[in-house]
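Inspection log for the structure reproduced underneath, given as C-alpha coordinates.
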Amino acid sequence: MIHPHELGPIRPVDEADSLLIRTTRGCPWNKCEFCVNYQDTKFSIRSVEEIKADIEKAANYFNQHPFTTCFLQDGDSFAMKTSDLLVVLEYLKQHFPNLQRISSYGRAQSLIRKSKQELQELCHAGLNKLYCGMESGSDIVLKNIRKGTSASNIVTSAQAAKGAGMVLSEFIILGLGGQEHWEEHATATAEVLNKIDPDHIRVLTIGVKPGSGLEQKLINGTFELQTEKNIIEEQRMLIEKLNGISSDYVNHHAVDLLTEARGQLPYDKPKLLAIMDRYLALNEADMLNFTLGRRLGHYQRLDDLQDLERYEAINQQLHEFESQYPGQIETIFHSLRSNVV
Ligand code: SF4
(Lines give C-alpha, C1' and ligand atoms only; values in the text may rest on other atoms or scores of the structure.)
Protein backbone atom coordinates (compact mmCIF):
# COMPACT_ATOMS: atom_id res chain seq x y z
CA MET A 1 0.00 0.00 0.00
CA ILE A 2 1.45 3.40 -0.96
CA HIS A 3 0.56 6.10 1.52
CA PRO A 4 0.55 9.77 0.60
CA HIS A 5 2.29 10.71 3.83
CA GLU A 6 5.83 9.94 5.00
CA LEU A 7 6.39 6.72 6.93
CA GLY A 8 9.34 5.42 8.93
CA PRO A 9 10.74 1.89 8.62
CA ILE A 10 9.42 0.22 11.79
CA ARG A 11 6.68 0.11 14.39
CA PRO A 12 6.10 -2.09 17.43
CA VAL A 13 4.40 -5.46 16.82
CA ASP A 14 1.50 -4.28 19.00
CA GLU A 15 0.82 -1.33 16.65
CA ALA A 16 -0.04 -3.41 13.57
CA ASP A 17 -3.49 -1.79 13.21
CA SER A 18 -2.51 1.72 14.18
CA LEU A 19 -2.34 4.90 12.20
CA LEU A 20 1.37 5.74 11.72
CA ILE A 21 2.53 9.36 11.78
CA ARG A 22 6.20 10.24 11.55
CA THR A 23 7.35 12.96 13.94
CA THR A 24 11.09 12.28 13.88
CA ARG A 25 13.41 10.57 11.43
CA GLY A 26 15.89 8.05 12.78
CA CYS A 27 17.20 7.88 16.32
CA PRO A 28 18.97 10.70 18.21
CA TRP A 29 21.39 8.17 19.72
CA ASN A 30 21.86 5.61 16.93
CA LYS A 31 24.80 3.88 18.60
CA CYS A 32 23.42 0.70 20.16
CA GLU A 33 25.64 -2.20 19.10
CA PHE A 34 22.80 -4.54 18.15
CA CYS A 35 20.64 -2.03 16.25
CA VAL A 36 20.67 -1.33 12.53
CA ASN A 37 17.17 0.15 12.29
CA TYR A 38 18.23 3.70 11.49
CA GLN A 39 21.89 3.19 10.57
CA ASP A 40 21.60 5.14 7.32
CA THR A 41 19.23 7.81 8.61
CA LYS A 42 20.56 11.06 10.01
CA PHE A 43 18.39 12.00 12.97
CA SER A 44 16.04 14.94 12.47
CA ILE A 45 12.96 16.33 14.11
CA ARG A 46 10.30 17.10 11.54
CA SER A 47 8.76 20.56 11.63
CA VAL A 48 5.29 20.92 13.10
CA GLU A 49 4.06 22.23 9.74
CA GLU A 50 5.38 19.17 7.92
CA ILE A 51 3.76 16.81 10.43
CA LYS A 52 0.46 18.69 10.27
CA ALA A 53 0.50 18.43 6.47
CA ASP A 54 1.02 14.65 6.81
CA ILE A 55 -1.86 14.38 9.27
CA GLU A 56 -4.11 16.13 6.73
CA LYS A 57 -2.94 13.81 3.94
CA ALA A 58 -3.52 10.75 6.13
CA ALA A 59 -7.00 11.97 7.07
CA ASN A 60 -7.91 12.40 3.39
CA TYR A 61 -6.35 9.08 2.40
CA PHE A 62 -8.02 7.02 5.12
CA ASN A 63 -11.30 8.84 4.56
CA GLN A 64 -12.74 8.85 8.06
CA HIS A 65 -11.41 5.41 8.96
CA PRO A 66 -12.12 5.26 12.69
CA PHE A 67 -8.57 4.62 13.95
CA THR A 68 -8.53 4.22 17.71
CA THR A 69 -4.74 3.98 18.00
CA CYS A 70 -1.84 5.91 16.53
CA PHE A 71 1.91 5.32 16.75
CA LEU A 72 4.33 8.21 16.32
CA GLN A 73 7.42 7.17 14.35
CA ASP A 74 10.54 7.03 14.42
CA GLY A 75 12.90 6.45 17.32
CA ASP A 76 12.07 9.14 19.88
CA SER A 77 9.20 11.64 19.72
CA PHE A 78 10.20 12.84 23.19
CA ALA A 79 13.22 14.50 21.57
CA MET A 80 10.73 17.10 20.27
CA LYS A 81 10.01 20.28 22.18
CA THR A 82 7.03 19.60 24.42
CA SER A 83 5.14 22.65 23.05
CA ASP A 84 5.54 21.34 19.46
CA LEU A 85 4.50 17.83 20.40
CA LEU A 86 1.39 19.21 22.11
CA VAL A 87 0.39 21.03 18.90
CA VAL A 88 0.86 17.81 16.90
CA LEU A 89 -1.23 15.79 19.37
CA GLU A 90 -4.03 18.35 19.29
CA TYR A 91 -4.05 18.38 15.48
CA LEU A 92 -4.02 14.61 15.34
CA LYS A 93 -7.04 14.33 17.61
CA GLN A 94 -8.92 16.95 15.59
CA HIS A 95 -8.43 14.92 12.41
CA PHE A 96 -8.85 11.48 13.98
CA PRO A 97 -11.44 12.05 16.72
CA ASN A 98 -11.75 8.34 17.61
CA LEU A 99 -8.16 8.04 18.82
CA GLN A 100 -8.00 6.61 22.30
CA ARG A 101 -4.33 5.78 22.41
CA ILE A 102 -1.33 7.57 20.94
CA SER A 103 2.04 5.95 21.52
CA SER A 104 5.70 6.48 20.76
CA TYR A 105 9.14 5.09 21.40
CA GLY A 106 11.01 7.17 23.94
CA ARG A 107 14.61 7.02 25.12
CA ALA A 108 15.20 7.13 28.85
CA GLN A 109 17.63 10.02 28.32
CA SER A 110 14.96 12.12 26.54
CA LEU A 111 12.29 11.34 29.10
CA ILE A 112 14.36 12.38 32.08
CA ARG A 113 14.89 15.78 30.47
CA LYS A 114 11.12 16.43 30.56
CA SER A 115 9.60 17.79 33.77
CA LYS A 116 6.83 15.98 35.59
CA GLN A 117 4.40 18.66 34.39
CA GLU A 118 5.48 18.27 30.75
CA LEU A 119 4.94 14.51 30.84
CA GLN A 120 1.53 15.00 32.43
CA GLU A 121 0.56 17.55 29.76
CA LEU A 122 1.65 15.16 27.00
CA CYS A 123 -0.29 12.30 28.52
CA HIS A 124 -3.43 14.43 28.96
CA ALA A 125 -3.06 15.61 25.35
CA GLY A 126 -3.28 11.97 24.23
CA LEU A 127 0.29 10.63 24.22
CA ASN A 128 -0.69 8.00 26.72
CA LYS A 129 1.55 5.05 25.89
CA LEU A 130 5.32 4.78 25.95
CA TYR A 131 7.40 2.04 24.37
CA CYS A 132 10.80 1.91 25.99
CA GLY A 133 13.63 -0.29 24.72
CA MET A 134 15.37 -0.91 28.02
CA GLU A 135 16.87 -4.16 26.63
CA SER A 136 18.66 -4.98 29.90
CA GLY A 137 18.72 -3.89 33.52
CA SER A 138 22.42 -4.63 33.86
CA ASP A 139 24.81 -1.68 33.76
CA ILE A 140 27.52 -4.03 32.47
CA VAL A 141 25.37 -5.17 29.56
CA LEU A 142 24.05 -1.65 28.88
CA LYS A 143 27.63 -0.41 28.68
CA ASN A 144 28.74 -3.28 26.45
CA ILE A 145 25.92 -2.67 23.98
CA ARG A 146 26.46 1.13 24.11
CA LYS A 147 22.91 1.82 25.16
CA GLY A 148 23.89 5.28 26.35
CA THR A 149 21.92 5.05 29.55
CA SER A 150 22.02 3.33 32.92
CA ALA A 151 19.75 1.06 34.92
CA SER A 152 18.97 3.90 37.32
CA ASN A 153 17.99 6.26 34.46
CA ILE A 154 15.77 3.54 33.01
CA VAL A 155 13.98 3.22 36.36
CA THR A 156 13.68 7.00 36.84
CA SER A 157 12.30 7.63 33.35
CA ALA A 158 9.90 4.69 33.54
CA GLN A 159 8.56 5.79 36.91
CA ALA A 160 8.15 9.35 35.58
CA ALA A 161 6.14 8.12 32.58
CA LYS A 162 3.96 5.92 34.76
CA GLY A 163 3.54 8.74 37.28
CA ALA A 164 2.29 10.98 34.47
CA GLY A 165 -0.38 8.38 33.67
CA MET A 166 1.20 6.72 30.64
CA VAL A 167 0.84 3.03 29.89
CA LEU A 168 4.36 1.64 29.80
CA SER A 169 5.71 -1.16 27.63
CA GLU A 170 9.31 -2.28 28.19
CA PHE A 171 11.24 -4.31 25.63
CA ILE A 172 13.94 -6.66 26.81
CA ILE A 173 16.32 -8.67 24.63
CA LEU A 174 17.24 -12.21 25.67
CA GLY A 175 20.79 -13.23 24.92
CA LEU A 176 22.18 -9.70 24.98
CA GLY A 177 24.64 -10.53 27.79
CA GLY A 178 26.17 -13.34 25.74
CA GLN A 179 27.86 -16.33 27.35
CA GLU A 180 29.83 -14.13 29.73
CA HIS A 181 27.03 -12.10 31.30
CA TRP A 182 23.79 -14.07 30.84
CA GLU A 183 23.15 -14.58 34.55
CA GLU A 184 23.91 -10.94 35.35
CA HIS A 185 21.64 -9.92 32.44
CA ALA A 186 18.74 -12.05 33.73
CA THR A 187 19.14 -11.06 37.37
CA ALA A 188 19.63 -7.32 36.88
CA THR A 189 16.86 -7.10 34.27
CA ALA A 190 14.45 -8.74 36.70
CA GLU A 191 15.54 -6.30 39.43
CA VAL A 192 14.85 -3.27 37.24
CA LEU A 193 11.51 -4.65 36.03
CA ASN A 194 10.52 -5.32 39.65
CA LYS A 195 11.21 -1.66 40.47
CA ILE A 196 9.27 -0.36 37.46
CA ASP A 197 6.31 -2.76 37.34
CA PRO A 198 5.59 -1.90 33.68
CA ASP A 199 2.15 -2.57 32.22
CA HIS A 200 3.72 -4.70 29.51
CA ILE A 201 6.97 -6.64 29.21
CA ARG A 202 7.78 -7.53 25.61
CA VAL A 203 10.46 -10.14 25.09
CA LEU A 204 12.75 -10.29 22.07
CA THR A 205 15.69 -12.62 21.37
CA ILE A 206 19.03 -11.47 20.04
CA GLY A 207 19.72 -12.07 16.39
CA VAL A 208 22.93 -10.34 15.39
CA LYS A 209 22.33 -8.22 12.31
CA PRO A 210 24.89 -7.88 9.50
CA GLY A 211 26.60 -4.50 9.71
CA SER A 212 25.93 -4.05 13.44
CA GLY A 213 28.59 -3.36 16.04
CA LEU A 214 27.64 -6.63 17.70
CA GLU A 215 28.56 -8.50 14.53
CA GLN A 216 32.08 -7.07 14.83
CA LYS A 217 32.22 -8.24 18.43
CA LEU A 218 31.14 -11.72 17.34
CA ILE A 219 33.87 -11.76 14.72
CA ASN A 220 36.62 -10.55 17.07
CA GLY A 221 35.42 -12.89 19.83
CA THR A 222 34.50 -10.25 22.44
CA PHE A 223 30.84 -11.38 22.32
CA GLU A 224 29.88 -15.05 22.31
CA LEU A 225 26.36 -16.16 21.57
CA GLN A 226 24.59 -18.53 23.92
CA THR A 227 22.94 -21.69 22.69
CA GLU A 228 19.17 -21.68 22.20
CA LYS A 229 18.87 -23.85 25.31
CA ASN A 230 20.97 -21.45 27.37
CA ILE A 231 18.79 -18.51 26.25
CA ILE A 232 15.74 -20.36 27.57
CA GLU A 233 17.63 -21.07 30.82
CA GLU A 234 18.27 -17.34 30.98
CA GLN A 235 14.59 -16.59 30.41
CA ARG A 236 13.62 -19.07 33.10
CA MET A 237 15.93 -17.32 35.55
CA LEU A 238 14.48 -13.94 34.59
CA ILE A 239 10.86 -15.07 35.07
CA GLU A 240 11.74 -16.78 38.31
CA LYS A 241 13.14 -13.50 39.67
CA LEU A 242 10.16 -11.35 38.62
CA ASN A 243 8.35 -10.64 41.86
CA GLY A 244 5.70 -8.25 43.13
CA ILE A 245 4.70 -6.98 39.68
CA SER A 246 1.52 -7.23 37.66
CA SER A 247 2.84 -6.87 34.10
CA ASP A 248 1.52 -8.62 31.05
CA TYR A 249 4.55 -10.70 29.96
CA VAL A 250 4.75 -11.73 26.33
CA ASN A 251 7.22 -13.47 24.02
CA HIS A 252 5.63 -11.65 21.11
CA HIS A 253 7.98 -11.72 18.18
CA ALA A 254 8.72 -14.45 15.62
CA VAL A 255 12.36 -14.25 16.74
CA ASP A 256 11.34 -15.71 20.12
CA LEU A 257 11.59 -19.48 20.43
CA LEU A 258 8.70 -20.01 22.85
CA THR A 259 6.04 -17.58 21.62
CA GLU A 260 3.45 -19.50 23.60
CA ALA A 261 5.07 -18.06 26.75
CA ARG A 262 2.73 -15.19 27.47
CA GLY A 263 0.65 -14.38 30.49
CA GLN A 264 -0.37 -11.99 33.22
CA LEU A 265 1.92 -11.70 36.21
CA PRO A 266 1.83 -12.71 38.95
CA TYR A 267 -0.91 -15.32 38.28
CA ASP A 268 0.66 -16.85 35.20
CA LYS A 269 4.20 -17.08 36.54
CA PRO A 270 3.87 -20.85 37.23
CA LYS A 271 2.51 -21.35 33.70
CA LEU A 272 5.39 -19.37 32.16
CA LEU A 273 7.95 -21.32 34.17
CA ALA A 274 6.28 -24.60 33.20
CA ILE A 275 6.65 -23.72 29.49
CA MET A 276 10.37 -23.04 30.01
CA ASP A 277 10.74 -26.28 31.99
CA ARG A 278 8.91 -28.30 29.37
CA TYR A 279 11.37 -27.15 26.69
CA LEU A 280 14.37 -27.67 28.98
CA ALA A 281 13.22 -31.20 29.82
CA LEU A 282 13.07 -32.32 26.18
CA ASN A 283 15.59 -34.99 25.25
CA GLU A 284 18.35 -33.81 22.93
CA ALA A 285 16.72 -35.13 19.74
CA ASP A 286 13.35 -33.49 20.48
CA MET A 287 14.98 -30.22 21.54
CA LEU A 288 16.94 -30.00 18.28
CA ASN A 289 13.86 -30.96 16.30
CA PHE A 290 11.65 -28.39 18.02
CA THR A 291 14.22 -25.62 17.77
CA LEU A 292 14.79 -26.17 14.06
CA GLY A 293 11.03 -26.53 13.47
CA ARG A 294 10.42 -23.17 15.18
CA ARG A 295 13.28 -21.47 13.40
CA LEU A 296 11.99 -22.68 10.02
CA GLY A 297 8.46 -21.59 10.92
CA HIS A 298 6.96 -25.12 10.89
CA TYR A 299 6.11 -25.20 14.60
CA GLN A 300 4.31 -22.62 16.68
CA ARG A 301 4.19 -24.36 20.06
CA LEU A 302 5.64 -27.30 21.92
CA ASP A 303 2.51 -29.41 21.33
CA ASP A 304 3.37 -29.35 17.61
CA LEU A 305 6.08 -31.91 18.37
CA GLN A 306 3.26 -34.51 18.48
CA ASP A 307 2.69 -34.12 14.75
CA LEU A 308 4.68 -37.11 13.50
CA GLU A 309 4.65 -36.12 9.84
CA ARG A 310 6.12 -32.69 10.57
CA TYR A 311 8.53 -34.20 13.09
CA GLU A 312 9.94 -36.58 10.49
CA ALA A 313 10.24 -33.89 7.81
CA ILE A 314 12.12 -31.64 10.22
CA ASN A 315 14.37 -34.49 11.32
CA GLN A 316 15.31 -35.09 7.72
CA GLN A 317 16.20 -31.41 7.33
CA LEU A 318 18.20 -31.60 10.57
CA HIS A 319 20.23 -34.55 9.26
CA GLU A 320 20.94 -32.68 6.04
CA PHE A 321 22.20 -29.64 7.96
CA GLU A 322 24.29 -31.84 10.24
CA SER A 323 25.96 -33.66 7.37
CA GLN A 324 26.55 -30.49 5.34
CA TYR A 325 27.65 -28.30 8.27
CA PRO A 326 28.88 -30.62 11.04
CA GLY A 327 28.91 -29.01 14.50
CA GLN A 328 27.29 -25.82 13.16
CA ILE A 329 23.66 -26.28 14.18
CA GLU A 330 23.65 -23.40 16.71
CA THR A 331 25.10 -21.12 14.02
CA ILE A 332 22.29 -22.21 11.71
CA PHE A 333 19.66 -21.52 14.41
CA HIS A 334 21.13 -18.09 14.96
CA SER A 335 21.31 -17.33 11.27
CA LEU A 336 17.64 -18.32 10.83
CA ARG A 337 16.48 -16.12 13.72
CA SER A 338 18.64 -13.20 12.58
CA ASN A 339 16.77 -13.16 9.31
CA VAL A 340 13.42 -12.73 10.99
CA VAL A 341 12.18 -9.19 10.36
S1 SF4 B 1 18.10 3.85 21.08
FE2 SF4 B 1 16.78 2.35 20.03
S3 SF4 B 1 16.64 3.07 17.91
FE4 SF4 B 1 18.36 4.15 18.87
S5 SF4 B 1 20.17 2.95 18.34
FE6 SF4 B 1 19.43 2.24 20.33
S7 SF4 B 1 18.04 0.52 19.89
FE8 SF4 B 1 18.36 1.66 17.97
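Just follow the structure's listing: the first ligand is 1, and inside any ligand the first atom is 1.
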Margin query: Strictly under 2.8 Å, how many protein N, O or S atoms lie near atom 8 (Fe) of ligand 1? Waters don't count.
Written below: 1

Check: Residues in side chain to side chain donor-acceptor pair (under 3.5 Å) with T24, at least two apart?
Finding: none

Next item on the list: Each residue besides W182 in its hydrophobic cluster should be listed here, by chain and number; the cluster joins Ile, Leu, Val, Met, Phe, Trp and Tyr at side-chain heavy-atom distances under 4.5 Å.
Entry: M237

Next item on the list: For K147, counting its heavy atoms only, list the atoms of ligand 1 lying under 4.0 Å from any of them.
Entry: 1 (S), 2 (Fe), 6 (Fe), 7 (S)

Margin query: For residues 104-116, which residue pairs pass the side chain to side chain donor-acceptor pair (under 3.5 Å) check, not counting sequence neighbours?
Written below: D76-S110, S77-S104, T82-K114, Q109-T149, Q109-N153, S115-E118

Notebook entry, point to check: Below 4.0 angstrom, N of the basic side chain to O of the carboxylate: do D248 and R202 qualify?
Noted result: yes

Check: So, D74 and R46, do they make that salt bridge, N to O below 4.0 Å?
Finding: no

Next item on the list: Report the part of R107 in contact with ligand 1, treating N, CA, C, O as backbone and CB onward as side chain, heavy atoms under 4.0 Å; options are side chain, backbone, both, neither.
Entry: side chain

Item checked: Subset of ligand 1 atoms that lie under 4.0 Å from at least one heavy atom of K31 -> 5 (S)

Check: Is the backbone of I21 close enough, under 3.5 Å, to the side chain of Q73 for a donor and an acceptor to pair up by distance?
Finding: no

Next item on the list: State whether the side chain of K271 and the backbone N or O of R262 hold a donor-acceptor pair below 3.5 Å, judged by distance alone.
Entry: yes

